[in-house]
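Small disclaimer: the values here were computed from a predicted structure and weren't measured.
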Amino acid sequence: MSSPAPPTAAPASPWWRDAVIYQVYPRSWADADGDGVGDLPGITSRLEHLVDLGVDAVWLSPFYASPQHDAGYDVSDFRAVDPLFGSLEDADAMIARAHDLGLRVVVDVVPNHTSSEHEWFRAAIADGLGSAAAARYVVRPGRGPDGEEPPNNWLSNFGGRAWSPWPGETNGELHRHWYLHLFDATQPDLDWTNPEVHDELDAVLRFGLDRGVDGVRIDVAHGMVKAEGLPDADLSIDPNVDPTGDLPMWDQPGVHDVFRRWRRLVDEYGPSDSRWADDGDRILCAEAWVEPAESLARYVRPDELHQSFNFAFLLSPWIAPELRAVIARTLRTAEDVGAPQTWVLSNHDVVRHASRLGYPQLRGRAPVTGVGPGDPQPDAVLGLRRARAATTLMLALPGSAYLYQGEELGLPEATLIPDDVRQDPTWERSGHTRRGRDGCRVPVPWTDSGPSLGFGPAGAPWLPQPPEYADLAPTRQRGRPDSTLELYRTLLRLRRELGLGRRRLEWIDHDSPDVLALRLSADGADSAVDAASEEVVVLANTGPDEVPLPPDVRVLVSSATIEAGTLPPDTAAWVRRS
Ligand code: GLC
């Protein structure tokens, strides 16, 4: 454990404003003990990969005690490490090693719900209806004469209704009661109107911060507070298709009070390590699937969170005018509240962008949450080509960016996982209509041969790796200039050298509607960028035809080979005047 430095005055140029943060999904990154599931010692042993890649920090999905009904997002003890992943000492060792390597560590916190095996829910069941323990959860009488209908019409995110019959003591109450779960039935929602819940989550935050973590990613940040009275929802709104829809379980104003309190708490802490005394603090980042951009920006007002993932960018089709509109609007709304943007293209909940972009690019057409055998399959070559271009665009944009493990290898979604080995609860809960997210969670390859392609000593990892992963192992890509791994390394090195994440973006109008063109100037940029530094121009061609490059430019990096002064289809480049 590192000894925290005392809080200092807020730095002018804190690290997180342009940090690149790499998401590790602990089940699937590196397996040291050979049980087929990744673990903390495995992660610690592979951290050099992140230094070599050139990122600033690592974010880990949950590794806490959990029955693993939702791959660890069902936490049964917020202060314990699940034996599947190791021990608390392993977590301390991982944090210490990351800090030694100059990497900051962000962890997940899951405040919307607990596991049904959490001691709080067990106590609620034992003590029964009306007890103080039950009051920590959202428990309500059902509708109908005997309460046989759920209290409202809300649906679970994973499919089916969002309520299950109360399984515990009824304390003489004959009318049936139900408990709310916006996700799996094993993930009962906490009641954020209960002060005890606030106090407990404060303590959980402190537990991590005291151990030296540099930030917290807040799971389902937009769902913690529900509309008063839990009114019926308009079921014609599918939040996966229309995130702007007004729904009583998402983006309620009260959630901002929670985050103001959290910000005060986090601000009590200085940097986790004295080496970072000058450039800032621990951070809070929201997972909030909220649109429009103006609503999302409320999460990053100066007294709230530092970051909130820009999912509108992730969901945008690879179409230049659409990308420009979403980038412009989201940058403007964040700037209005003094916050940087937080870009992301892949994570453990969505189809990897190397596959998502291999579908026809019409809004709402590319699958976001799962593909299986029998579904239309992506064009893998086109998908990877566009993914490389999209990342080249993203890593030039002002603000911070998150990468998801394996995207630096160009890993595609595993779209042919047999249905009988699926683990995501979505598959069962949706009555086998939604495949769910296993395809982006397959263990990563480290070598092109050997047991589980170097993921660990077990022959068979917890999800099968598709055959094409062998060719994508870092051992095959290192030193090959045209490889995706080398592209990411170059992008990250140049981004850092040129201070791109701290520059000011200006749009350039281009003759072709298929080309997105922008300039990143040092003028008016963050003080950390040398004001005399020459501007960088970014061009992205999302169309089917090649377009001429401006005359007299020098290509700094491009997502595909550029010849004879033209920018090929589905290619992005960073250029400078020669
Ligand atoms: C978030 C997580 C997702 C999880 C859900 C419930 O969306 O990213 O993986 O299933 O919350 O905790």
Side-chain angles (χ1 to χ4, degrees), residues 10-21 54-57 278-280 283 293 297 300 302 306-310 312-313 316 320 323-345 389-403 487-510 515-541 549-550 552-559 567 572-578:
S13 205
W15 67 279
W16 48 270
R17 290 188 78 92
D18 67 342
V20 177
I21 303 179
V55 301
D56 302 289
D278 294 334
D279 69 348
I283 60 163
V300 288
H306 302 78
Q307 301 182 328
S308 188
F309 294 115
N310 182 339
F313 176 69
S316 171
L323 286 163
R324 175 167 169 169
V326 79
I327 294 169
R329 182 170 181 181
T330 54
L331 271 179
R332 190 178 59 243
T333 49
E335 270 163 25
D336 284 349
V337 296
Q341 255 315 335
T342 302
W343 312 98
V344 60
L345 283 166
T391 302
T392 301
L393 170 65
M394 176 178 85
L395 288 177
L397 298 175
S400 167
Y402 280 69
L403 306 178
L487 172 67
Y488 270 71
R489 293 182 69 229
T490 304
L491 292 170
L492 291 167
R493 178 176 53 77
L494 286 173
R495 175 188 157 90
R496 188 186 295 260
E497 282 171 18
L498 299 168
L500 289 190
R502 295 179 182 253
R503 291 184 177 226
R504 195 161 47 84
L505 180 150
E506 292 159 19
W507 294 104
I508 304 173
D509 289 324
H510 196 278
V515 174
L516 189 76
L518 57 93
R519 177 185 300 125
L520 296 160
S521 83
D523 173 30
D526 190 301
S527 56
V529 182
D530 175 2
S533 173
E534 216 186 297
E535 68 188 30
V536 175
V537 169
V538 178
L539 297 152
N541 180 5
L549 278 175
D552 308 326
V553 293
R554 181 161 52 94
V555 176
L556 300 175
V557 60
S558 60
S559 63
L567 188 63
W574 301 355
V575 305
R576 258 189 172 168
R577 236 173 278 130
S578 53

For this session: Using the side chain to side chain contact (heavy atoms under 4.5 Å, CB included) rule, pick out the option among L395, L500, L556 that qualifies with L494.
Result: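 Only match with L494 under side chain to side chain contact (heavy atoms under 4.5 Å, CB included): L556.
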Problem set entry | With W343, the side chain to side chain contact (heavy atoms under 4.5 Å, CB included) member among V20, I327, L393 |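 Filter result, single survivor: I327.
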So which atom in [X] and which in [Y] form the shortest heavy-atom distance, rounded to 0.1 Å?
{"X": "T333", "Y": "T330", "value": "OG1-O, 3.1 Å"}
{"X": "P302", "Y": "V337", "value": "CD-O, 3.6 Å"}
{"X": "P14", "Y": "R502", "value": "O-NH2, 3.0 Å"}

Problem set entry | Any residue meeting ring pair (Phe, Tyr, Trp, His ring centres under 6.0 Å) with W16, in chain and number order, not counting sequence neighbours |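 Once residues adjacent in sequence are excluded, the partners of W16 under the ring pair (Phe, Tyr, Trp, His ring centres under 6.0 Å) criterion are H306.
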For this session: Any chance you could lay out the side-chain contact (heavy atoms from CB on, under 4.5 Å) test for Q307 and Y402, step after step, and finish with the verdict?
Result: CA-CA 11 Å; Q307 301 182 328; Y402 280 69; 2.7 Å; yes
Problem set entry | Within-4.5 Å side-chain heavy-atom neighbours: L518 and L397 |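 Yes - at least one pair of side-chain heavy atoms lies under 4.5 Å apart.
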Problem set entry | Sub-4.5 Å side-chain heavy-atom contact between L498 and R576 |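 A side-chain contact under 4.5 Å exists here.
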Starting at [atom1] of [X], measure out to [atom2] of [Y] and round the result to the nearest 0.5 Å.
{"X": "R519", "Y": "L539", "atom1": "CZ", "atom2": "CG", "answer": "10.5 Å"}
{"X": "F313", "Y": "L331", "atom1": "CZ", "atom2": "CG", "answer": "10.0 Å"}
{"X": "M394", "Y": "L323", "atom1": "CE", "atom2": "CG", "answer": "12.5 Å"}
{"X": "S558", "Y": "L567", "atom1": "OG", "atom2": "CG", "answer": "8.0 Å"}
{"X": "T490", "Y": "W574", "atom1": "OG1", "atom2": "CH2", "answer": "9.0 Å"}

Can you check whether [Y]'s main-chain N or O pairs, donor with acceptor, with [X]'s side chain at less than 3.5 Å?
{"X": "W507", "Y": "L516", "result": "no"}
{"X": "D552", "Y": "S578", "result": "no"}
{"X": "R329", "Y": "A293", "result": "no"}

For this session: Please step through side-chain contact (heavy atoms from CB on, under 4.5 Å) for the pair V555 and L549, ending with a clear verdict.
Result: CA-CA 10 Å; V555 176; L549 278 175; 4.2 Å; yes
Problem set entry | Atom CZ of R577: over 12 foreign heavy atoms under 6.0 Å |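 No, not enclosed.
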Problem set entry | Check against salt bridge (Lys or Arg N to Asp or Glu O under 4.0 Å), D509 and R324 | CA-CA 11 Å; D509 289 324; R324 175 167 169 169; 3.1 Å; yes
For this session: Using the side-chain contact (heavy atoms from CB on, under 4.5 Å) rule, take N541 and V515 through it: C-alpha gap first, then chi angles, then the decisive distance, then the call.
Result: CA-CA 5 Å; N541 180 5; V515 174; 4.2 Å; yes
Exercise. Hey, are R503 and D18 close enough for a salt bridge, meaning a charged N less than 4.0 Å from a carboxylate O?
Worked result: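 No.
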Exercise. Under the side chain to side chain contact (heavy atoms under 4.5 Å, CB included) test, which residues partner A572, sequence neighbours left out?
Worked result: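 A572 satisfies side chain to side chain contact (heavy atoms under 4.5 Å, CB included) with A389, T392, A540, S559 once adjacent residues are dropped.
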For this session: Would you sort out whether V557 and R493 count as a side-chain contact (heavy atoms from CB on, under 4.5 Å), showing the intermediate values?
Result: CA-CA 11 Å; V557 60; R493 178 176 53 77; over 6 Å; no
